[in-house]
Q: 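Okay, here's the structure, questions in a sec.
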Amino acid sequence: MISRAALLYLSQKRELKDFFSRFPGFKQVTRRFIAGENIDDAITAILELNRAGVTATFDHLGESTISRAEADADVREYLRALDRIEATGVNSNVSVKLTQLGLDIDEDYCLQNTRRIVEAAKRHNNFVRIDMEDSSKTDATLRIFKRLYDDYGNVGIVLQAYLYRTGKDVDHTLAMGARIRLCKGAYKEPEDVAFPEKSEVDANFVKLMKQLLKSGIYHGIATHDEKMIVATKEFAASEGVSRDAFEFQMLYGVRRDLQLKLARDGYRMRIYVPYGEHWYPYFMRRLAERPANVWFVLKNLMKG
Ligand SMILES: Cc1cc2nc3c(=O)[nH]c(=O)nc-3n(C[C@H](O)[C@H](O)[C@H](O)COP(=O)(O)OP(=O)(O)OC[C@H]3O[C@@H](n4cnc5c(N)ncnc54)[C@H](O)[C@@H]3O)c2cc1C
């Protein structure tokens, strides 16, 4: 069976996107995890989620641009998404990746770009979540987040339980009073920065989840892992933290059964809804999380 490391390696080989795109069934396969190629596809997906009592966050797919034209186009796309959220009345905020907004070009340029989106979200009474990328970006991402949080307030950050440093980052972020999305972490990290064992990542996730729930701030617990979810539900119940004081978050197309069950049981549930043409690295990271999905992909690629 192909390993997680191999799939993460392949996720960086963008030329493979064209290879996959030649198969007749590729569109159907990617639709499992990606809402479609444009804003309207995402709105349609979110409307359906909203009808099931679930909220969403928009993600325009793309990362690591070194082109100002591309970064500017992404800013415009997010401004359009915020307009469309307001116009259609869907219950959704937006999630952004800073390398998509020019972090690899220049930090200050990226700050200005992200500022435009946060400022527009503020006008729309909406919220921006800054995704966390690989560990070489953590410091710059936190610097930009802090500036925008101090200036506007309607912005939150993602912190990853697999990094050794995250306990300290959680402390600082809670001291600011800001909202955190806690996840395990999706990138291939060296052993000197991240826990190598899944059991250690899980233990850190539970420890940090407890700290978040006790903080009195509204956070997102982002996982599909039933053990993490049970631990969160049990801790919330034992501490008297009500079901509307935090939210679970999951990715579009992953554990749909569990998403709906949690919503039916009265928990807040938000789905990360990716759309756009640059689906390849995102799609491959999802396969890496569950290499068994490779069979699903291979089986369906040949179907027209
Ligand atoms: C809303 C949201 C936002 C995220 N944002 C970021 C971010 O900004 N930065 C970042 O590094 N990571 C992000 N992630 C990804 C995260 O870090 C993990 O890589 C991902 O969620 C898998 O970890 P897990 O907690 O689901 O647990 P795992 O231990 O990986 O999985 C537990 C179980 O969940 C199910 N499962 C998990 N993934 C899949 C899948 N792809 N297909 C089918 N079943 C699956 C399987 O049953 C698996 O056994 C985000 C995740 C979510 C849900």
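Order of appearance sets the numbers: ligands from 1, and atoms from 1 within every ligand.
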Q: Regarding atom 28 (P) of ligand 1: of the candidates Gln249, Gln160, Lys184, which has the closest heavy atom?
A: Lys184

Q: If you measure every N/O of Glu289 against every N/O of ligand 1, is any gap under 3.5 Å?
A: yes

Q: Hey, quick one: are Met132 and Tyr164 part of the same hydrophobic cluster, counting side-chain heavy atoms closer than 4.5 Å, chains of contacts allowed?
A: no

Q: Number the atoms of ligand 1 from 1 as they appear, then name those within less than 4.0 Å of a heavy atom of Gly185, with their elements.
A: 11 (O), 16 (C), 17 (O), 19 (O)

Q: Could Arg179 and Phe127 be counted as a cation-pi pair, given that NZ or CZ must be under 6.0 Å from the ring centre and within 45° of the axis?
A: yes

Q: Report yes or no: is the cationic atom of Arg270 (NZ for Lys, CZ for Arg) closer than 6.0 Å to the six-membered ring centre of Tyr272, at no more than 45° off its axis?
A: no

Q: Report yes if some N/O of Cys183 lies less than 3.5 Å from some N/O of ligand 1; otherwise report no.
A: no

Q: Looking at Glu277, I'd like to know if its CD atom is crowded, meaning that more than 12 non-hydrogen atoms belonging to other residues, nucleotides or ligands lie closer than 6.0 Å.
A: no

Q: Short N/O distance, under 3.5 Å, between Arg181 and ligand 1?
A: yes

Q: Which residue and non-hydrogen atom of the protein lie closest to atom 31 (O) of ligand 1, and at what distance in Å?
A: Asp225 CB, 4.5 Å

Q: Around atom CD of Glu48, are there more than 12 heavy atoms from other residues, nucleotides or ligands closer than 6.0 Å?
A: no

Q: What I want to know is whether Arg255 and ligand 1 share at least one N or O pair that is separated by under 3.5 angstrom.
A: no

Q: Please check if a non-hydrogen protein atom sits closer than 4.0 Å to atom 1 (C) of ligand 1.
A: yes

Q: Where on Val254 is there a heavy atom closer than 4.0 Å to ligand 1, on the side chain, on the backbone, on both, or on neither?
A: side chain

Q: So does Asn125 have more than 12 non-hydrogen atoms from other groups sitting under 6.0 Å from CG?
A: no

Q: Using the ring of each side chain (for Trp, its six-membered ring), is Phe283 parallel, tilted or perpendicular to Trp279, with breaks at 30° and 60°?
A: perpendicular

Q: Does the protein place a non-hydrogen atom closer than 4.0 angstrom to atom 49 (O) of ligand 1?
A: no

Q: Counting each atom of ligand 1 from 1 as listed, which ones have a heavy atom of Asp131 under 4.0 Å away?
A: 8 (O)

Q: Closest non-hydrogen protein atom to atom 8 (O) of ligand 1, residue and atom name please, with distance?
A: Met132 N, 3.0 Å

Q: More than 12 heavy atoms of other residues, nucleotides or ligands under 6.0 Å from NZ of Lys146: yes or no?
A: no

Q: What atoms in ligand 1 come closer than 4.0 Å to a heavy atom of Val158?
A: 7 (C), 8 (O)

Q: Check the orientation of Tyr275 and His60. Use parallel for under 30°, tilted for 30 to 60°, and perpendicular for over 60°.
A: tilted

Q: Does Tyr9 have more than 12 heavy atoms from other residues, nucleotides or ligands lying within 6.0 Å of its OH?
A: no

Q: Specify the protein heavy atom at minimum distance from atom 47 (O) of ligand 1: its residue, its atom name, and the distance to 0.1 Å.
A: Arg290 NE, 4.1 Å

Q: Quick one: look up the protein heavy atom nearest atom 52 (C) of ligand 1 and list residue, atom name and how far away it is.
A: Leu251 CD2, 3.4 Å

Q: Take atom 41 (N) of ligand 1 and look for protein heavy atoms under 4.0 Å from it; say yes if you find one, no if not.
A: yes

Q: Identify, by atom number and element, the atoms of ligand 1 in contact range of His224, meaning under 4.0 Å from any of its heavy atoms.
A: 21 (O), 24 (P), 25 (O), 26 (O), 33 (C), 34 (O), 35 (C), 37 (C), 38 (N), 53 (C)

Q: Among all the protein's non-hydrogen atoms, which is closest to atom 24 (P) of ligand 1, and how far away is it?
A: Thr223 OG1, 3.6 Å

Q: Out of Lys198, Lys97, Arg256, who is nearest to atom 29 (O) of ligand 1 when you count heavy atoms only?
A: Lys198

Q: Answer with yes or no whether the side chains of Asp72 and Tyr109 bring together a donor and an acceptor at under 3.5 Å.
A: yes

Q: Applying a 4.0 Å heavy-atom criterion (strictly less than), which segment of Glu226 is in contact with ligand 1: side chain, backbone, both, or neither?
A: neither

Q: Between Tyr162 and Phe195, does the ring centre distance come in under 6.0 Å?
A: no

